[in-house]
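Notes to accompany the following structure.
In the text below, chain A, chain B and the rest are named by the order of the sequence lines, each starting its count at 1.
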There are 2 protein chains.
Amino acid sequence: MPRNPVLSASRIRTTALDIIDRDGLDGLSMRKLAAELGVRAASLYGHVSTKDDLLHEVAGEILEKVDVSGFAEGDWRHGLTMCARSYRAALAQHPNIVPFLAYGPAHRDASLRRLDVVHGALVSAGWTRREATMIAASLMYLVFGAALSSFSSGFSEDQALYRDRYPNLDKAHLLPSVARELDHDSFELALGAFVAGLAARAPVPPAPTGSAG
Amino acid sequence: MPRNPVLSASRIRTTALDIIDRDGLDGLSMRKLAAELGVRAASLYGHVSTKDDLLHEVAGEILEKVDVSGFAEGDWRHGLTMCARSYRAALAQHPNIVPFLAYGPAHRDASLRRLDVVHGALVSAGWTRREATMIAASLMYLVFGAALSSFSSGFSEDQALYRDRYPNLDKAHLLPSVARELDHDSFELALGAFVAGLAARAPVPPAPTGSAG
DNA sequence: CCTCCTTACCGAACGGCGTTAGGTTTCAAC
DNA sequence: GTTGAAACCTAACGCCGTTCGGTAAGGAGG
């Protein structure tokens, strides 16, 4: 090596994600990223092929944290719930990159591997393949919708702004200070209601151990 | 007027949305938009204050088409379902702008007015204000998630690409040719299951006309 | 008719963007 | 001591959103 390299692919990814978390997706530029790394923009291209590629790598790193092991225990309701929670938790840690993550989830390996597990588990539980696909899709809707259109970054601190125009919304629980908790509870409500509604039309379980009628 | 104006705010909005629909959100630039209108970029700024502002106007126009009149009939389940379908339909017509729409739904007047109606109807139906807020949020999750992470623009036409790597996903119904229908059915499944699951924990209805016990 | 003034568009430019081509420095290996 | 490649650099290209100062058109007032 000429001198100890200042850059590495992983340090670039980490710093890029830091900037995204701090300044938003639009706040990330190759020049700013380079500056933050003590380097000029051109130097990044020795480690990263493209900005878009860098974003995909960062995205992949985030998605790797999604845990679908909840399906191993055999109960699809539990698996679905755990997977959704894990997915949302992973996205909620980096809300600014969610719009990028959401575009074409089926193009990312980390996403497809997890989808594969979910799909397989649902089919094993007795759902048809088409149903399994639709359930997995529905779960994505919930998770990405919750991560994206979250209330946390929605409402103004100034309650009076809403009071006059939207009579039904003049409520203290719209304040950002409690919005985070509200987001969490809303997601749990949506997830719980969805899984319960799904269970009501569930297929006969394939009786994994005994044959209790 | 000097001569018949070539530009108007509404023509700019329409053309902008056309470009977004055709070339994506990143495909819209002020220069391209101007060219499409037979004009140079600088001329746009006599009618539009900013590109971001233009996008918000376009967003508002789309959201105006969301119909919440389904709540007028008194049954919150019906209202919720109709509203969600209308919302999704409005977004599905312009999928490329959804990432922009999704960011901060609570900052847009058209969005807040509809949210106000939904919230009021749910409270009238006996839900607490906090529950009403969470239900409305959940509905947003579903709608935006469905519009954003839709399968339609997800999978490759080449089935063989998936066959080896994701054994459970080697299914014909992942083909884009049927993905549109799959998206629709998945949304209906998610919506139906959610509303059904919600109904299972519904409050006692306030008996609007008679008092049948 | 001529002048004036507003309207509506245009040319040119600013700073910033992603990206590339072609240098320059540093250090290990022969 | 020379070679050579790795790691970073400067400079530039063509885009972007946006602004400033101009310029042509046509109605209003004399």
Self-check item: Below 4.0 Å: OP1/OP2 of D:dC8 and any side-chain N or O of A:His47
Solution: yes
Exercise. Write down the distance between CZ (B:Arg40) and P (D:dG21), rounded to a whole number of angstrom.
Key: 21 Å
Quiz item: Between C:dC10 and B:Ser43, is there an OP1 or OP2 to side-chain N/O distance shorter than 4.0 Å?
Solution: yes
Exercise. Could you tell me whether A:Arg113 and A:Glu64 have a side-chain N and a carboxylate O separated by less than 4.0 Å?
Key: yes
Quiz item: Please give, in whole Å, the distance from D:dC9 P to A:Leu37 CG?
Solution: 11 Å
Self-check item: For A:Leu28 against A:Lys51, the heavy-atom pair lying closest together
Solution: O-NZ, 2.8 Å
Practice problem: Send over the distance from B:Leu28 CG to D:dC16 P, rounded to a whole Å. | Solution: 10 Å
Quiz item: Rounded to the nearest 0.5 Å, how far apart are OG1 of A:Thr133 and NE2 of A:His119?
Solution: 3.0 Å
Exercise. For A:Ser29, answer base if it contacts any base atom (sugar-phosphate contacts may also be present), sugar-phosphate if it contacts only those atoms, and nothing otherwise; contact means non-hydrogen atoms under 4.0 Å.
Key: sugar-phosphate
Self-check item: d(CG, A:Leu7; P, C:dT26) in whole Å
Solution: 17 Å
Quiz item: Over how many whole Å does the gap from A:Tyr45 atom OH to D:dC8 atom P extend?
Solution: 15 Å
Quiz item: Within the pair A:Thr50 and C:dG18, is there a side-chain N or O less than 4.0 Å away from OP1 or OP2?
Solution: no
Quiz item: Out of D:dG17, C:dT19, D:dT10, which has the shortest distance to the side chain of A:Ala42?
Solution: D:dT10
Quiz item: Any N or O donor-acceptor pair linking the side chain of A:Arg31 to the base of C:dG18 at under 3.5 Å?
Solution: yes
Exercise. For A:Lys51 and C:dT20, give me the distance from atom NZ to atom C1', rounded to whole Å.
Key: 17 Å
Practice problem: Would you kindly give the CG-to-C1' distance between B:Asp52 and D:dT18, to the nearest whole Å? | Solution: 13 Å
Quiz item: Any luck finding a side-chain donor-acceptor pair between A:Ser69 and A:Asp67 under 3.5 Å?
Solution: yes
Practice problem: For the residue pair B:Tyr141 and A:Phe187, categorise the inter-ring angle as parallel (less than 30°), tilted (30 to 60°) or perpendicular (more than 60°). | Solution: tilted
Quiz prompt | Rounded distance (Å) that lies between atom P of D:dT10 and atom CG of A:Leu44 | solution = 13 Å
